[in-house]
Number of protein chains: 2
Amino acid sequence: MYTIGHVARATDCKVQTIRYYEQIGILPQAPRSEGNRRLYAQADIDRLAFIRHARELGFPLDSIRDLLSLSDNPDQPCDAADAIACRQLDQANRRIERLNALKRELERMIKQCRGGKISDCRVIEVLSDHGQCLKDDHQMAEASP
Amino acid sequence: MYTIGHVARATDCKVQTIRYYEQIGILPQAPRSEGNRRLYAQADIDRLAFIRHARELGFPLDSIRDLLSLSDNPDQPCDAADAIACRQLDQANRRIERLNALKRELERMIKQCRGGKISDCRVIEVLSDHGQCLKDDHQMAEASP
DNA sequence: GCTTGCTTCTACAGCTACTGTAGATGTTAT
DNA sequence: ATAACATCTACAGTAGCTGTAGAAGCAAGC
Ligand SMILES: [Zn+2]
Ligand SMILES: [Zn+2]
Ligand SMILES: [Zn+2]
Ligand SMILES: [Zn+2]
């Protein structure tokens, strides 16, 4: 059995984050030692590594919760898991699209600015007026991870 | 003078968001009517449009605060504004890089999965083991907007 | 004058996924 | 025994809003 600190080092995850995952029910309630410390087995480390890896790939905790409950039933068909991954890929693609649009606008405004006074600054000017942006670029909507 | 609802419609911004911006000091305290309603002038609408547009381009409110105080001093040199925009562009580029790495991994795991049972699912398998990812891809770090 | 319905007011809770902190214990090493 | 460190609980804070409750203002129709 391992201490929470050991698990944290093994998975490169903060101690508080482990407790948080337990609190929201994505990790099971760890059994306690005599002195009330949480005790972990290798399976818990594996589960946490899974969570952290999925987080690195941008999966939200809700999706990870679903993926974990799927992987707890290894005989089920894997369509649901694949669908979650596809959803994640879609999101990544949408975010990349949006970020590329933002990047284009930012590059444009920076390139056009010849330096000088704020009153002549293209950056300030374009930010004041979306009409000066490329058409159909950056029409808002979420972005994130 | 305009009501908060009018300003909200004019800038496609929720009423609460306007009050929030006032609260954090990025919009000035609006003068009030006899009945305690906030009253806005055209300059406030312009300032809010600037804020919303900068938000759409991914600038955090702290940067926007700086940009606004720069644009209030039109005779200053514009280096500082350009630097903020460059910083924003850098961030966008880093996020795009990272998202492309995630996208590659997601595509790989989805493509490799031939369907079937969870126990054979490549998605679950790869999520369980970062060793099966491409080297030097998705080495964590922040992402967001 | 009165009711209906809309807007606005304040104040606060909630969202995501953690992270940091305080103050109290438990454990280990010297 | 004492110091140093790990862990415990509980709560606040991060970014940028968004939603809600309950009270009050305001305009139109009757
Ligand atoms: Zn400039
Ligand atoms: Zn624009
Ligand atoms: Zn599969
Ligand atoms: Zn990986």
Side-chain angles (χ1 to χ4, degrees), chain A residues 1-27 29-40 44 48 50-68 88 91 95 140-145, chain B residues 1-27 29-40 44 48 50-68 87-88 91 95 102 140-145:
Chain A
M1 300 299 263
Y2 307 102
T3 65
I4 197 170
H6 177 93
V7 174
R9 281 185 298 277
T11 55
D12 195 28
C13 175
K14 307 231 165 177
V15 166
Q16 296 105 298
T17 305
I18 301 177
R19 291 197 280 247
Y20 169 71
Y21 287 159
E22 176 180 318
Q23 192 193 307
I24 64 168
I26 209 169
L27 283 180
Q29 302 258 125
R32 304 298 183 102
S33 73
E34 279 181 36
N36 197 34
R37 270 78 217 276
R38 289 174 179 82
L39 295 175
Y40 295 94
D44 299 309
L48 181 51
F50 183 100
I51 296 169
R52 295 308 295 172
H53 194 209
R55 287 290 302 128
E56 278 168 31
L57 286 159
F59 288 89
L61 286 176
D62 272 358
S63 301
I64 296 174
R65 200 188 296 271
D66 294 343
L67 289 168
L68 283 167
Q88 191 58 30
Q91 267 236 8
R95 282 173 181 161
M140 65 233 42
E142 34 65 276
S144 238
Chain B
M1 299 299 261
Y2 307 101
T3 65
I4 196 170
H6 176 92
V7 174
R9 282 184 296 276
T11 55
D12 194 29
C13 175
K14 307 232 164 175
V15 166
Q16 296 105 296
T17 306
I18 300 176
R19 291 198 280 248
Y20 170 71
Y21 287 159
E22 174 179 320
Q23 193 193 308
I24 63 168
I26 208 168
L27 283 180
Q29 302 257 124
R32 303 299 182 103
S33 74
E34 280 181 34
N36 198 33
R37 269 80 217 275
R38 289 173 180 82
L39 295 174
Y40 296 94
D44 297 309
L48 181 51
F50 183 100
I51 295 169
R52 295 307 297 172
H53 194 209
R55 286 293 299 129
E56 279 168 31
L57 286 160
F59 288 89
L61 286 175
D62 273 357
S63 300
I64 295 174
R65 202 189 295 271
D66 295 344
L67 288 168
L68 282 167
R87 194 151 38 102
Q88 192 57 31
Q91 269 237 7
R95 283 172 180 160
L102 303 187
M140 64 232 42
E142 35 65 273
S144 239

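Residue numbers begin at 1 in each chain, while the letters A, B, ... track the order of the sequences.
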Report task. Using a heavy-atom cut-off of under 4.0 Å over every strand shown, decide if A:Arg65 touches base, sugar-phosphate, or nothing. Result -> nothing

Query raised in the report: D:dG25 base to B:Glu34 side chain: any donor-acceptor pair below 3.5 Å?
Result: no

Please determine, for the side chain of [X], which listed nucleotide ([options]) has the closest atom?
{"X": "A:Arg37", "options": "C:dT19, D:dG16, C:dG26", "result": "C:dG26"}
{"X": "B:Gln16", "options": "C:dT8, C:dC18, D:dT18", "result": "D:dT18"}
{"X": "B:Arg55", "options": "D:dG16, D:dT7, C:dA17", "result": "D:dG16"}

Report yes if a side-chain nitrogen or oxygen of [X] is closer than 4.0 Å to either non-bridging phosphate oxygen (OP1 or OP2) of [N]; otherwise report no.
{"X": "A:Lys14", "N": "C:dA17", "result": "no"}
{"X": "A:Thr3", "N": "D:dT7", "result": "yes"}
{"X": "B:Thr17", "N": "D:dT18", "result": "yes"}
{"X": "B:Arg38", "N": "C:dC9", "result": "yes"}
{"X": "B:Arg19", "N": "C:dT8", "result": "no"}

In whole angstroms, how far is the [atom2] atom of [N] from the [atom1] atom of [X]?
{"X": "B:Leu39", "N": "C:dT7", "atom1": "CG", "atom2": "C1'", "answer": "14 Å"}
{"X": "A:Arg32", "N": "C:dT27", "atom1": "CZ", "atom2": "P", "answer": "13 Å"}
{"X": "B:Arg52", "N": "D:dT18", "atom1": "CZ", "atom2": "C1'", "answer": "12 Å"}
{"X": "B:Gln23", "N": "D:dC17", "atom1": "CD", "atom2": "C1'", "answer": "11 Å"}
{"X": "B:Ile64", "N": "D:dA15", "atom1": "CD1", "atom2": "C1'", "answer": "12 Å"}
{"X": "B:Asp12", "N": "D:dC17", "atom1": "CG", "atom2": "P", "answer": "12 Å"}
{"X": "B:Ile18", "N": "C:dT7", "atom1": "CD1", "atom2": "C1'", "answer": "13 Å"}
{"X": "A:Leu61", "N": "C:dT16", "atom1": "CG", "atom2": "C1'", "answer": "8 Å"}

**Report entry** Polar contact flag, side-chain donor to acceptor under 3.5 angstrom, B:Arg87-B:Gln91
**Finding:** no

Query raised in the report: Are side-chain N/O atoms of B:Tyr2 and B:Arg9 paired as donor and acceptor at under 3.5 Å?
Result: no

Requested in this report: Please name the residue in the list B:Leu68, B:Ile18, B:Asp44 that meets the side chain to side chain contact (heavy atoms under 4.5 Å, CB included) test with B:Leu27.
Outcome: B:Ile18

**Report entry** CA sep, side-chain torsions, deciding dist, call: B:Arg38, B:Arg19, side chain to side chain contact (heavy atoms under 4.5 Å, CB included)
**Finding:** CA-CA 9 Å; B:Arg38 289 173 180 82; B:Arg19 291 198 280 248; 3.4 Å; yes

Report summary line: Taking for B:Val15 and for A:Tyr21 the nucleotide of DNA chain C with the nearest heavy atom, the one nearer the 5' end belongs to B:Val15

Report summary line: Nearest heavy-atom approach of A:Ala8 to A:Lys14 is CB-C, 4.4 Å

